[in-house]
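The residues of the chain are indexed from 1 along the displayed sequence. Just so it is clear, the values below take in all heavy atoms, side chains as well, and ignore hydrogens, waters and symmetry mates. Indexing begins at 1, ligand by ligand and atom by atom, following the structure's order.
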Amino acid sequence: MARLAGKVAVVTGGGNGLGRATALRFAEEGAAVVVADLLDGAGEETVRLIESAGGRATFVSVDVTSRADNDRMARTAIEAFDGLHVVVTAAGVATGEYVSGDLEGAQKAMRARFEPDPARGFVDLDLDDWQSVLDINLTGTLKSLQACVAAMLDHGCAAGGSLVTIASIGAKHPDAGSLQYGASKAGVWWITKKLARDLVGKGIRVNSIGPGFIETNMTAIMQFMPPARLDHILGQIPMGRMGTPLEIANAALFLASDEASYFTGEILHPDGGFFTD
Ligand SMILES: NC(=O)c1ccc[n+]([C@@H]2O[C@H](COP(=O)([O-])OP(=O)(O)OC[C@H]3O[C@@H](n4cnc5c(N)ncnc54)[C@H](O)[C@@H]3O)[C@@H](O)[C@H]2O)c1
């Protein structure tokens, strides 16, 4: 029996990386998937991959910072597939200017991140970038969840529902991303814990995944890091390698499915042992 048979899932950031791997994995396990992303071509490609494997999916062009877009995304699940049971919020950015797949732009935007003097980096922190990262990663996650929970309650499909947010090891560790990135992900983790309590009465479980370093467009930039910095990062991973998007998708599948029926307000860290210290 497929593990998500009869379920309808929304995956934000479903056009690339962890979101795409999750959308594909969910469809393999029987879910109908609403793939939401800012990048139309990438999101449509995810749908094509799902459909060519015999699954069901539809694409919605969404900027998670827009409440109207999030409402349309949730409505699409109800209108196209007559339900909404699982939500994974994987849309996210490393910097305010980050565009998934634009390696050159990412390299430029991330240069400031590796300021050799961290005190100087703090004093010179770009407040516009701070705001953009929080708007997308933190408030964007909140708006996606608000729209989806509203649809689940209105449509009478809340009971048995599962929300899975994507935080990061950066939510708890200061050496895994910029100040604004870590703050946004700590906020995502906080929303997760608070919502777990607020929604328990409706039968909705709310959990988070805090991945370590995973091979996606977001981490492709690491190849341009100073070698000593890269060695320092990889040296903190006992498994000695980065993770794959599928390894995160499998964690999301577990939390989304009824197998995780006693999990709520929890964060899983697929991180190769990063948090063993
Ligand atoms: N790759 C890692 O090592 C890693 C580790 C921890 C957490 N994460 C988190 O996982 C999530 C997915 O990242 P990824 O590594 O797959 O990166 P990615 O760039 O491959 O995918 C991110 C997707 O989000 C979409 N997106 C960005 N801004 C959006 C917006 N405003 N509205 C809608 N969609 C938007 C992008 O277009 C892209 O398709 C992010 O939240 C990221 O912070 C990644």
Ligand 1: which protein N/O atoms lie under 3.5 Å from its N/O atoms?
{"residue": "ligand 1", "atom": "1 (N)", "partner": "I214", "partner atom": "O", "Å": "3.3"}
{"residue": "ligand 1", "atom": "1 (N)", "partner": "T216", "partner atom": "OG1", "Å": "3.1"}
{"residue": "ligand 1", "atom": "3 (O)", "partner": "G212", "partner atom": "O", "Å": "3.3"}
{"residue": "ligand 1", "atom": "3 (O)", "partner": "I214", "partner atom": "N", "Å": "2.8"}
{"residue": "ligand 1", "atom": "3 (O)", "partner": "I214", "partner atom": "O", "Å": "3.4"}
{"residue": "ligand 1", "atom": "8 (N)", "partner": "Y181", "partner atom": "OH", "Å": "3.4"}
{"residue": "ligand 1", "atom": "15 (O)", "partner": "T216", "partner atom": "OG1", "Å": "2.6"}
{"residue": "ligand 1", "atom": "16 (O)", "partner": "L18", "partner atom": "N", "Å": "2.8"}
{"residue": "ligand 1", "atom": "19 (O)", "partner": "Y98", "partner atom": "OH", "Å": "2.5"}
{"residue": "ligand 1", "atom": "19 (O)", "partner": "S100", "partner atom": "OG", "Å": "2.6"}
{"residue": "ligand 1", "atom": "31 (N)", "partner": "D63", "partner atom": "OD1", "Å": "3.0"}
{"residue": "ligand 1", "atom": "32 (N)", "partner": "V62", "partner atom": "O", "Å": "3.4"}
{"residue": "ligand 1", "atom": "32 (N)", "partner": "V64", "partner atom": "N", "Å": "2.9"}
{"residue": "ligand 1", "atom": "34 (N)", "partner": "L38", "partner atom": "N", "Å": "3.3"}
{"residue": "ligand 1", "atom": "37 (O)", "partner": "D37", "partner atom": "OD1", "Å": "2.6"}
{"residue": "ligand 1", "atom": "39 (O)", "partner": "N16", "partner atom": "ND2", "Å": "3.0"}
{"residue": "ligand 1", "atom": "39 (O)", "partner": "D37", "partner atom": "OD1", "Å": "3.3"}
{"residue": "ligand 1", "atom": "39 (O)", "partner": "D37", "partner atom": "OD2", "Å": "2.6"}
{"residue": "ligand 1", "atom": "41 (O)", "partner": "A90", "partner atom": "O", "Å": "3.4"}
{"residue": "ligand 1", "atom": "41 (O)", "partner": "K185", "partner atom": "NZ", "Å": "2.8"}
{"residue": "ligand 1", "atom": "43 (O)", "partner": "Y181", "partner atom": "OH", "Å": "2.6"}
{"residue": "ligand 1", "atom": "43 (O)", "partner": "K185", "partner atom": "NZ", "Å": "3.1"}

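A salt bridge links R241 with E247: at least one charged nitrogen is closer than 4.0 Å to a carboxylate oxygen.
Of the possible polar contacts, one joining the Y98 side chain to the M218 backbone as a donor-acceptor pair under 3.5 Å is found.
Between H269 and F275, the ring-plane angle classifies as perpendicular under the 30° and 60° cut-offs.
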Item to complete: Verify side-chain contact (heavy atoms from CB on, under 4.5 Å) between C148 and M73, making sure each step is shown before the conclusion.
Response: CA-CA 8 Å; C148 289; M73 170 181 84; 3.8 Å; yes
Worksheet item: Can Q146 and R67 be said to form a side-chain contact (heavy atoms from CB on, under 4.5 Å), step by step?
Response: CA-CA 9 Å; Q146 265 190 315; R67 182 60 206 247; 3.0 Å; yes
Discussion item. Apply side-chain contact (heavy atoms from CB on, under 4.5 Å) to residues I214 and T244 and explain how you reach the verdict.
Written reply: CA-CA 5 Å; I214 313 300; T244 66; 5.5 Å; no
